[in-house]
Engineer: 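I have a structure here, written as structure tokens, and I will follow up with some questions on it.
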Amino acid sequence: MLYFKIMCFLWAAIGIISRIAMAVMKDNWNKWETTKAYKEKKPLWIYIVCIVGLILIAMTWYIYIVYSIPYGWILGTLISLTGIKILTLMFNYNKFLEFLHATLYNPKKMLRLNISVIILSIILIAFGIWLY
């Protein structure tokens with residue numbers, strides 16, 4: 001149960017802190033993402049983060065199944081959806097870069113993304129407090 005609580009709070013913190021960083025850095029965030037974080041040639045850190053992400057997906061389902069965590073399937077499903085981004089980063093990096101540029105430089109898309117991340121973060125915090 002503690003694992004699920006930690007995952008909820010950690011994932012929510014990443015979502016909220018990244019949105020705050022975006023608001024503070026403004027255009028510098030876009031520059032950092034396109035020139036440092038997601039360079040044209042896939043950086044080594046992406047492989048490391050993707051492997052860690054896949055391990056977290058597997059661990060979440062393992063803990064849910066072995067320890068019969070009530071409602072663990074909800075977080076398992078949400079974390080499994082991150083597999084889409086992981087697999088895209090691993091095997092279709094150029095398509096991810098297209099998505100990144102199309103989103104970063106479109107204020108409406110960025111607003112929708114930011115609102116979605118904030119809502120997901122609030123839901124995760126609620127799960128961490130009341131569900132797990």
Side-chain angles (χ1 to χ4, degrees):
M1 209 67 153
L2 181 61
Y3 170 83
F4 284 82
K5 187 178 286 283
I6 290 169
M7 289 302 293
C8 284
F9 291 135
L10 182 65
W11 197 2
I14 291 168
I16 292 168
I17 291 168
S18 64
R19 300 311 116 172
I20 292 169
M22 286 178 178
V24 170
M25 293 175 67
K26 298 183 179 162
D27 289 336
N28 288 331
W29 177 269
N30 294 357
K31 184 179 178 185
W32 174 79
E33 280 217 8
T34 56
T35 62
K36 303 278 191 229
Y38 299 104
K39 298 177 182 179
E40 197 165 319
K41 183 176 185 260
K42 190 184 327 182
L44 176 63
W45 72 266
I46 287 180
Y47 293 102
I48 296 166
V49 169
C50 288
I51 290 168
V52 170
L54 292 173
I55 290 169
L56 285 175
I57 292 169
M59 276 182 44
T60 302
W61 284 109
Y62 174 80
I63 292 169
Y64 164 66
I65 291 167
V66 170
Y67 297 102
S68 301
I69 304 298
Y71 306 107
W73 64 271
I74 297 171
L75 190 63
T77 302
L78 288 173
I79 288 178
S80 294
L81 290 172
T82 65
I84 296 168
K85 181 178 180 179
I86 291 169
L87 295 174
T88 302
L89 281 169
M90 291 287 287
F91 302 112
N92 204 350
Y93 186 69
N94 290 334
K95 192 72 169 171
F96 174 79
L97 288 180
E98 288 176 24
F99 167 80
L100 177 73
H101 289 278
T103 304
L104 281 178
Y105 298 106
N106 183 321
K108 287 183 182 179
K109 286 183 180 181
M110 275 306 294
L111 181 62
R112 285 194 299 261
L113 178 66
N114 288 336
I115 289 171
S116 299
V117 170
I118 294 295
I119 290 170
L120 177 62
S121 297
I122 292 167
I123 291 169
L124 288 167
I125 290 168
F127 283 179
I129 294 171
W130 292 297
L131 196 59
Y132 301 115

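All residue numbers in this chain count up from 1 along the given sequence. Just so we're clear, the structure is a prediction, and the values are computed from it rather than from any experiment.
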Engineer: According to a 4.5 Å side-chain heavy-atom criterion applied to Ile, Leu, Val, Met, Phe, Trp and Tyr, with indirect links allowed, do L81 and I122 form part of one hydrophobic cluster?
Structural biologist: no
Engineer: Is it true that a side-chain atom of T103 and a backbone atom of L100 form a donor plus acceptor pair closer than 3.5 Å?
Structural biologist: no
Engineer: Could you pull out the closest heavy-atom pair between K31 and T35, with the gap in Å?
Structural biologist: O-OG1, 2.6 Å
Engineer: Can you check side chain to side chain contact (heavy atoms under 4.5 Å, CB included) on M59 and Y3, steps first, answer last?
Structural biologist: CA-CA 10 Å; M59 276 182 44; Y3 170 83; 3.7 Å; yes
Engineer: For a quick test of reading the model, state the closest non-hydrogen atom pair linking Y132 to K5 and the distance between them.
Structural biologist: O-CE, 3.4 Å
Engineer: Answer yes if I86 and L120 sit in the same cluster of Ile, Leu, Val, Met, Phe, Trp and Tyr residues linked by side chain heavy atoms under 4.5 Å apart, and no otherwise.
Structural biologist: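 In one cluster: yes.
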Engineer: Can you tell me how far the CG atom of L124 sits from the CE atom of M7, to the nearest 0.5 Å?
Structural biologist: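 Result: 9.5 Å between the selected atoms.
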Engineer: Nearest 0.5 Å, please: how far is CD in E33 from CG in L97?
Structural biologist: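 These two atoms lie 10.5 Å from each other.
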Engineer: Do Y105 and Y38 share a hydrophobic cluster, counting only Ile, Leu, Val, Met, Phe, Trp and Tyr and linking them when any side-chain heavy atoms are less than 4.5 Å apart?
Structural biologist: yes
Engineer: Mind checking whether I55 and F4 sit in one hydrophobic cluster, side chains of I, L, V, M, F, W, Y counted as touching below 4.5 Å?
Structural biologist: yes
Engineer: Indicate the atoms forming the closest heavy-atom contact of M90 with C50, along with that distance.
Structural biologist: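 Of all heavy-atom pairs spanning M90 and C50, the closest is SD-CB, 3.4 Å.
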Engineer: Please go through W130's hydrophobic cluster and name the other residues, only I, L, V, M, F, W, Y counting, with side-chain heavy atoms under 4.5 Å joining them.
Structural biologist: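 When side chains under 4.5 Å apart are linked, the cluster holding W130 also contains F9, I16, I20, V24, I125, I129.
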Engineer: Between G15 and S121, which heavy-atom pair has the shortest distance, and what is it?
Structural biologist: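 That closest heavy-atom pairing would be CA-OG, 3.7 Å.
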Engineer: State, to 0.1 Å, how close L89 and K42 come at their nearest heavy-atom pair, and which atoms those are.
Structural biologist: O-NZ, 3.3 Å
Engineer: Would you mind writing out the side-chain donor-acceptor pairs for residues 61-79 within the sub-3.5 Å range, not counting sequence neighbours?
Structural biologist:
residue	atom	partner	partner atom	Å
W61	NE1	G76	O	3.3
W61	NE1	S80	OG	2.7
T77	OG1	W73	O	2.7

Engineer: For the hydrophobic clusters of this structure (ILVMFWY residues joined by side-chain heavy atoms under 4.5 Å, transitively), does one cluster hold both I123 and M1?
Structural biologist: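 Both belong to a single hydrophobic cluster.
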